[in-house]
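Start at 1 and go down the list; that is how both ligands and their atoms are numbered. The figures here come from the full heavy-atom set of this structure, side chains too, leaving out hydrogens, waters and symmetry mates. None of the values given here were measured: they were computed from a predicted structure.
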Amino acid sequence: MDNKKNVLITGAAGFLGSHLADRFIKEGFKVYGMDNLITGDMANIEHLMPLENFVFYHHDVSKFVHIPGKLDYILHFASPASPIDYLKMPIQTMKVGSLGTHNLLGLAKAKNARMLIASTSEVYGDPLVNPQPEEYWGNVNPIGPRGVYDEAKRFMEALTMAYHNYHGIETRIVRIFNTYGPRMRLNDGRALPAFFSQAIDNKDITVFGDGSQTRSFCYVGDLVEGIYRLLHSDYTLPVNIGNPDEITILQAAEEVLNLVKGSSSKIVFKGLPKDDPKVRRPDITKAKEILGWQPKVNRTEGFKITYEYFLKKMGK
Ligand code: UDP
């Protein structure tokens, strides 16, 4: 009999999904990776494809999901996740968070599997408290440009808690704050990939607004560790995972520019997108207390690894 634990990871060809797939393979799991590849990239998992313990399904989870045999865990990480992606794909974004989550909770119920969902700091919207603890209800504009993502994720949390409370499904909810590292798409529109690719190409570095808005960037390896611990914990309420090291976007742009050797780029200021959160910083007290987790990789180290990845990706 095969005693290996089985895990389904949706969004497996994406930035976070592929790093999670690596981690679960390393831990000896059988990994089913699922992705419809609208934002995912097979290059992120091509090293896993030959493995006996990795099976890939090219499938859209907003349609009925079937997995043969037993299933121990489900990690729902499929979704467009950058503001320009969910502006381009508003309906898919809403469907994967709502219909997709419903299908996967149904699968979890049928297989008696534990399900962890990827929620987001966007549930806090443009927050009126900083840092954001899990108890904060948020300040979200449901019909603004970010509403499709924010509300899909809020619905996802609500549905997950409903399945947990009503059907007794084992569920975990991680609220992910800005995360960066290798396998981010160069053109995904987010601040760090944009700044790195612009600096490497000697193009203008586009800071939106006056750059005084803040974010707190977490290295992907730290995030994966936090998620792995949360899945194996017995805590069922949402947990923030992120790095509380808060900086302004202008400072992030300056740090990237200083890191990119010989770049002749200049920082230019562009209009601030509507509803762009002015501040964002996780309160990670719960993650520390419940999971014994806190980030280990500092920005200097994480930015350097990311810079090297982008250089290679851009063929430099
Ligand atoms: N941003 C920027 N220039 C860019 C891309 C993003 O100044 O080329 C800003 C954006 O307005 C936001 C912050 O950087 O204030 C982080 O944006 P990102 O898209 O990475 O993710 P968000 O945290 O807003 O979801």
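Of all protein heavy atoms, the one closest to atom 25 (O) of ligand 1 is R146 NH1, 3.5 Å. Taking atom 16 (C) of ligand 1 as the reference point, the nearest protein heavy-atom neighbour is R215 NE, 3.6 Å. In terms of protein heavy-atom proximity, atom 3 (N) of ligand 1 is nearest to T206 O, 2.5 Å. At the top of the distance list for atom 7 (O) of ligand 1, counting protein heavy atoms only, stands F208 N, 2.7 Å. Closest to atom 13 (C) of ligand 1 among all protein heavy atoms lies I249 CD1, 3.5 Å.
At a heavy-atom distance under 4.0 Å, only side-chain atoms of N178, from C-beta outward, approach ligand 1. Heavy atoms of A191 found under 4.0 angstrom from ligand 1 belong to the backbone as well as the side chain. The residue Q198 has no part lying near ligand 1, judged by heavy-atom distances below 4.0 Å. Counting heavy atoms under 4.0 Å from ligand 1, residue K270 does not touch it at all.
Atoms CZ and CG, on R175 and L230 in that order, are 11.5 Å from each other to the nearest 0.5 Å. Taking OH of Y219 as the start and OG1 of T306 as the end, the distance is 5.5 Å to the nearest 0.5 Å.
Note on ligand 1: P83 sits in its first shell, one or more heavy atoms being nearer than 4.0 Å.
For the side chain to side chain contact (heavy atoms under 4.5 Å, CB included) test with E225, the passing option among Q294, R23, K296 is R23; the others fail. Considering K153, R154, R215, R280 as possible partners of E122, the one that fulfils the salt bridge (charged side-chain N to carboxylate O under 4.0 Å, His left out) test is R280. Residue I176 forms a side chain to side chain contact (heavy atoms under 4.5 Å, CB included) with just one option from I241, N240, L223, and that option is L223.
Counting the atoms of ligand 1 from 1 in the order shown, those under 4.0 Å from a heavy atom of E122 are 25 (O). When each atom of ligand 1 is checked for a heavy atom of A194 under 4.0 Å away, the hits are 8 (O). If you number the atoms of ligand 1 from 1 as listed, the ones under 4.0 Å from a heavy atom of V207 come out as 7 (O). Near R280, with a cut-off below 4.0 Å to any heavy atom, the atoms of ligand 1 are 22 (P), 23 (O), 25 (O).
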| task | For the pair E308 and K304, evaluate salt bridge (charged side-chain N to carboxylate O under 4.0 Å, His left out) and give the outcome as yes or no after the intermediate values. | result | CA-CA 6 Å; E308 278 155 18; K304 198 163 161 280; 3.6 Å; yes

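Legend: side-chain hydrogen bond (donor to acceptor under 3.5 Å, both in side chains) pairs involving residues 241-257, not counting sequence neighbours, sorted by first then second residue: N130-E246, T214-E246, D245-R299, Q251-E255, E255-R299.
Residue L272 places no N or O, backbone or side chain, under 3.5 Å from any N or O of ligand 1. The shortest N/O to N/O separation between D276 and ligand 1 falls below 3.5 Å. Geometrically, ligand 1 and R190 share no nitrogen or oxygen pair separated by less than 3.5 Å.
For the pair V220/L16, a side-chain contact is recorded, criterion being any heavy-atom separation below 4.5 Å from C-beta on. The closest side-chain heavy-atom distance from F310 to L186 is below 4.5 Å. Put simply, the side chain of V224 does not reach to within 4.5 Å of the side chain of I227, judged on heavy atoms.
For the pair Q198 (side chain) and T206 (backbone), a donor-acceptor distance under 3.5 Å is present.
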